[in-house]
Amino acid sequence: MNHIVNVAVQTPAHSAVGELLSYRSDEPLPPGTLVRVPLGTRELLGVVWDAPPAPLALPEGVELRSITAVLQGIAPLTPGWRRLVAFAAHYYQRSVGEIAVTALPPQLRDMTPEQLERRLAPPKAPKAKTSKPRKAQAAAVADEAQATAEPSAPPAEALKTPELVALSAEQSTVFAQIEQEPGPFLLYGSTGSGKTEVYLRAVQAVLDANPAAQALVMVPEINLTPQLEERFVARFVPQYGKEAVVSMHSGMTNPQRLKSWLAAHTGRARIVLGTRMAIFASLPQLMLIVVDEEHDASYKQQEGARYSARDLALWRGRDSGAKVILGSATPSLESWHASDRDVGRYLRLNMPSRIGAASLPRVRLVDMTQQPRKAVFSPPLIAAITERVQRGEQSLVLLNRRGFAPVLFCADCNWKSDCPHCSAHQVFHKGDRTLRCHHCGFTQRVPFACPSCGNPDILPLGKGTEQLQEELERLLRNVQRPDGDPARVARIDADTTKAKGSLEEQLAQVHAGDVDVLVGTQMVAKGHDFRRITLVAAVQPDSALYSSDYRAPERLFCLLMQAAGRAGRDAQYVKAQGSHPEMWIQTYDPQNAVYTALRQHDYPAFARQQLQERRDAGMPPYAFQAIVRADARTQEAAQAFLSAATQVARDANLPYLDEVFIYPPIPMAVQRVANVERAQMLLEASNRSALLRFLNAWQQYLHWLRGLPEHRPLVRWLVDVDPLSI
């Protein structure tokens with residue numbers, strides 16, 4: 001007997017093939033079953049979706065293709081998981097198949113049923129006499145997977161419960177509120193206030209209350225996962241076994257990602273730690289979601305389906321009945337606004353004090369207009385760093401720009417090291433004498449003379465982390481540590497951490513005290529628990545303020561406050577040293593509101609000021625935005641497509657058009673990348689529902705426009721809902 005099933009399949013982008021495709025099946029398949037199906041000349045992984053609402057009427061002469069195979073041994077994906085995928089596809093203007101398939105492990109997407117069967121099969125008995133038929137074996141694998149859904153009992157010697165640290169009064173109050181209230185919660189705690197311990201206690205409470213419960217803990221970046229994983233493993237593996245804690249992030253190999261996914265899907269993994277991709281993990285018994293550093297822009301996907309993992313965490317928690325905790329020392333203004341008493345969408349929990357007797361660092365502003373001209377480091381800052389080195393303490397110097405200099409420059413003819421494929425400069429990297437474009441990756445050797453006029457004196461313009469490291473090594477060359485050794489300066493950025501394991505190795509050197517001054521980008525400014533750093537310095541933060549993006553002040557404040565939080569985290573060490581933590585900021589605008597609030601560590605005051613400005617200007621969170629972007633071979637073609645899209649929306653009188661304001665198309669800030677011209681068009685509405693319904697109605701017209709002959713120079717178009725940069 002033939003059955004018709006709908007399957008979510010990843011179809012080609014902008015193909016307008018449809019949300020779901022129908023196939024024939026020899027047997028009824030429950031929704032959520034993983035199958036392999038033909039699409040054109042290829043065979044792809046798909047997810048069986050809900051059955052057609054009515055018998056399918058096919059045109060005469062048209063026959064449905066049949067499902068190729070069913071992936072036995074994996075229980076169907078839950079209705080909750082499918083609802084999450086469907087919501088994400090609807091909200092972020094993508095197809096259900098794209099979201100569903102890309103949410104699954106890459107290795108699983110390419111597996112045949114036979115390969116999966118071998119992957120899931122338990123180790124063979126040493127003296128097996130007979131083998132089961134394939135169907136019986138697959139059934140046995142399914143039974144075994146079901147049997148392992150309950151966490152396995154660890155060895156008796158591993159059952160020793162780790163000794164818990166005593167909670168501070170603030171931690172105890174916050175934890176009690178999490179226990180008693182439904183949430184969602186915004187945990188606003190200063191750097192070093194012990195938010196991680198609250199997360200650990202909340203997870204422990206959930207697992208203790210339900211023997212099958214699962215928790216999801218998300219961090220914004222891969223390099224923050226290992227140290228968090230270490231704490232969770234130490235706390236929970238002795239109680240629940242070695243499979244209880246798994247990680248999910250793009251730095252893992254495909255087999256590792258599949259292993260973690262299967263452990264979560266079967267319930268063997270009680271806790272999943274991961275980056276934004278982990279929001280789509282299959283967790284049938286999800287009871288708690290923690291989003292650490294919830295303000296971080298890394299939670300927003302910037303390629304393909306541009307989803308926000310933080311926002312999806314809130315939706316998933318509400319849909320599944322799981323509690324959600326958003327944590328940050330510098331919450332996003334959207335979350336801060338939502339936790340206001342008058343709004344009441346989140347319950348705000350406050351932990352303003354650091355653990356123990358640790359105090360927040362004192363903020364010192366250095367007015368660079370009063371310092372020697374062209375000085376990279378002001379004399380007072382160098383004196384302060386020197387003093388720390390001589391006492392055996394560590395310093396962190398922050399500059400959010402890697403390389404030696406942003407550009408090479410010829411003073412004779414004004415030549416600059418522009419990228420031939422992008423409207424951006426190639427960055428000078430002195431270590432390997434190369435010019436690199438950080439947008440398209442184009443690399444070439446540094447010329448011996450100006451390519452334009454032949455002048456041999458081409459100079460670096462601007463500063464990068466390489467140059468800061470070199471300058472510090474020169475300035476501190478005669479400074480000695482307490483043991484008599486010379487000061488050691490190290491650098492951690494994307495260039496020094498390319499090799500696998502290099503980041504962990506360099507961080508270990510910092511923790512061991514082998515580094516006196518650490519130069520780095522934002523990757524070392526947040527989340528890390530450096531115990532010996534007592535001074536943090538931001539060298540050129542002003543450049544972050546010179547932006548057309550209205551979020552620039554918020555981003556800079558968050559970065560500097562997070563960086564300041566790396567100083568003085570160990571109260572006992574600071575006291576033993578007789579030291580005091582400090583944050584130095586070199587600026588040409590010391591009266592700026594960002595620095596004024598930062599001096600007082602007053603995030604609430606900064607948030608009030610910024611939210612008032614946004615209310616007056618009608619910006620998020622008081623309005624809702626989306627961007628339609630077009631990439632084409634010429635800027636004219638890109639903008640022509642966007643202009644035509646606006647006109648067709650007006651001609652069709654699309655629903656809610658009168659509630660959506662469509663701005664004219666303009667080039668993007670970096671107009672050309674890899675020889676592709678980029679343009680964008682902003683949409684704004686005071687009502688989220690109106691914006692989404694307009695976008696959904698607009699989709700079919702955008703697909704239609706894409707197919708017209710006059711728009712063939714178009715490379716692609718996309719919609720970005722709730723964009724983080726404009």
Side-chain angles (χ1 to χ4, degrees), residues 151 154 158-181 183-221 224-249 260 264 269-275 278 281 283 285-294 313 317 322-329 347 349-351 353-356 358 526-529 531 565 569-570:
L159 288 175
K160 183 180 179 181
T161 303
E163 185 176 345
L164 300 180
V165 298
L167 295 181
S168 67
E170 289 179 358
Q171 287 175 315
S172 297
T173 301
V174 163
F175 178 61
Q177 289 179 283
I178 293 173
E179 287 276 84
Q180 297 164 9
E181 302 289 343
F185 307 97
L186 176 63
L187 177 52
Y188 166 56
S190 66
T191 53
S193 61
K195 293 187 292 295
T196 302
E197 184 60 33
V198 173
Y199 303 153
L200 289 164
R201 293 294 183 99
V203 171
Q204 183 75 65
V206 165
L207 301 192
D208 288 346
N210 185 333
Q214 295 174 297
L216 171 62
V217 181
M218 293 198 298
V219 293
E221 295 183 17
L224 297 182
T225 305
Q227 71 176 41
L228 189 69
E229 182 178 24
E230 185 178 331
R231 292 192 64 176
F232 272 82
V233 166
R235 179 69 64 89
F236 295 106
V237 164
Q239 295 175 268
Y240 300 104
K242 63 180 181 180
E243 281 194 295
V245 181
V246 299
S247 293
M248 286 188 184
H249 56 76
S260 293
R270 308 293 303 281
I271 303 164
V272 172
L273 306 176
T275 51
L283 293 158
Q285 298 294 329
L286 182 62
M287 299 294 180
L288 175 68
I289 304 176
V290 175
V291 185
D292 192 25
E293 308 293 356
E294 66 86 26
K323 290 189 177 183
V324 180
I325 304 173
L326 310 179
S328 177
L347 177 61
L349 310 175
N350 296 306
M351 293 200 313
S353 306
R354 280 188 155 183
I355 289 295
K526 51 192 175 184
H528 297 287
D529 193 17
R531 312 306 291 178
R569 297 178 71 86
D570 190 333

Practice prompt. Test Met287 against Asn210 for side-chain contact (heavy atoms from CB on, under 4.5 Å), laying out the working first.
Written response: CA-CA 9 Å; Met287 299 294 180; Asn210 185 333; 3.5 Å; yes
Fill in: Arg270 (side chain) donor-acceptor with Ala213 (main chain) under 3.5 angstrom
yes
Practice prompt. Not counting sequence neighbours, which residues clear side-chain hydrogen bond (donor to acceptor under 3.5 Å, both in side chains) with Glu170? List them please.
Written response: Ser353
Item to complete: Please test Leu207 against Ile271 for side-chain contact (heavy atoms from CB on, under 4.5 Å), starting from the C-alpha separation and ending with a verdict.
Response: CA-CA 9 Å; Leu207 301 192; Ile271 303 164; 3.9 Å; yes
Worksheet, complete the sentence: Heavy atoms of Leu349 and Val174 approach each other most closely as CD1-CG1, 3.7 Å
Response to the item:
For Tyr188, the side-chain hydrogen bond (donor to acceptor under 3.5 Å, both in side chains) test, sequence neighbours excluded, returns none
Worksheet item: With sequence neighbours left out, what residues match Ser328 under side-chain hydrogen bond (donor to acceptor under 3.5 Å, both in side chains)?
Response: His295
Practice prompt. Looking only at non-hydrogen atoms, find the nearest pair between Ala281 and Met248 and report the distance.
Written response: CB-SD, 3.7 Å
Discussion item. Please evaluate residues Ile178 and Val198 with respect to the criterion side-chain contact (heavy atoms from CB on, under 4.5 Å), reporting the C-alpha separation (whole Å), side-chain torsions for both, the decisive distance (0.1 Å), and the verdict.
Written reply: CA-CA 9 Å; Ile178 293 173; Val198 173; 3.8 Å; yes
Discussion item. Holding to ring-ring contact (aromatic ring centres under 6.0 Å, His included), I want the full list of residues that pass it with Phe185, two or more places apart in sequence or in another chain.
Written reply: none
Worksheet item: Does any N or O in the side chain of Lys323 come within less than 3.5 Å of the main-chain N or O of Pro184, such that one atom is a donor and the other an acceptor?
Response: no
Worksheet item: If you take all heavy atoms of Met218 and Thr275, which pair is closest and at what distance?
Response: SD-O, 3.8 Å
Worksheet item: What pair of heavy atoms forms the shortest contact from Val233 to Pro238, and how long is it?
Response: O-CD, 3.5 Å
Worksheet item: Any idea which heavy atoms bring Ala278 and Val272 closest together, and the distance?
Response: CB-CG1, 4.4 Å
Worksheet item: At what distance, to the nearest 0.5 angstrom, does CG of Leu187 lie from CE of Met351?
Response: 4.5 Å
Discussion item. On a heavy-atom basis, which atom in Val291 and which in Ala313 lie closest, and how many Å separate them?
Written reply: CG2-CB, 3.8 Å
Discussion item. Return the CG to CD1 distance between Asp292 and Ile325, rounded to the nearest 0.5 Å.
Written reply: 10.5 Å
Item to complete: Calculate, to the nearest 0.5 Å, the distance between atoms CG and CD belonging to Leu347 and Gln177 respectively.
Response: 5.5 Å
Practice prompt. Check ring-ring contact (aromatic ring centres under 6.0 Å, His included) between Phe232 and all other residues, then give those that pass, not counting sequence neighbours.
Written response: Phe236
Item to complete: Please name all residues satisfying salt bridge (charged side-chain N to carboxylate O under 4.0 Å, His left out) with Glu197, sequence neighbours left out, ordered by chain then number.
Response: Arg201, Arg231, Arg235
Discussion item. Let me confirm one number: the CD-CG distance from Gln204 to Leu288, rounded to the nearest 0.5 Å.
Written reply: 12.0 Å
Practice prompt. Give a yes or no answer on whether the side chain of Ser260 reaches the backbone of Val246 with a donor-acceptor pair at less than 3.5 Å.
Written response: no
Worksheet item: Hey, is the main chain of Ala264 close enough, under 3.5 Å, to the side chain of Gln214 for a donor-acceptor pair?
Response: yes
Worksheet item: What distance do Leu283 atom CG and Leu216 atom CG have between them, rounded to the nearest 0.5 Å?
Response: 6.0 Å
Worksheet item: Does atom CD of Glu179 have more than 12 heavy-atom neighbours, drawn from other residues, nucleotides or ligands, at distances under 6.0 Å?
Response: yes
Worksheet item: Between Gln171 (side chain) and Gly194 (backbone), is there a donor-acceptor pair under 3.5 Å?
Response: yes
Worksheet item: After noting the C-alpha distance and the side-chain angles of Val245 and Leu273, does the key distance pass the side-chain contact (heavy atoms from CB on, under 4.5 Å) rule?
Response: CA-CA 7 Å; Val245 181; Leu273 306 176; 4.0 Å; yes
Discussion item. Quick check for you: to the nearest 0.5 Å, what is the distance between Tyr199 atom OH and Leu228 atom CG?
Written reply: 9.0 Å
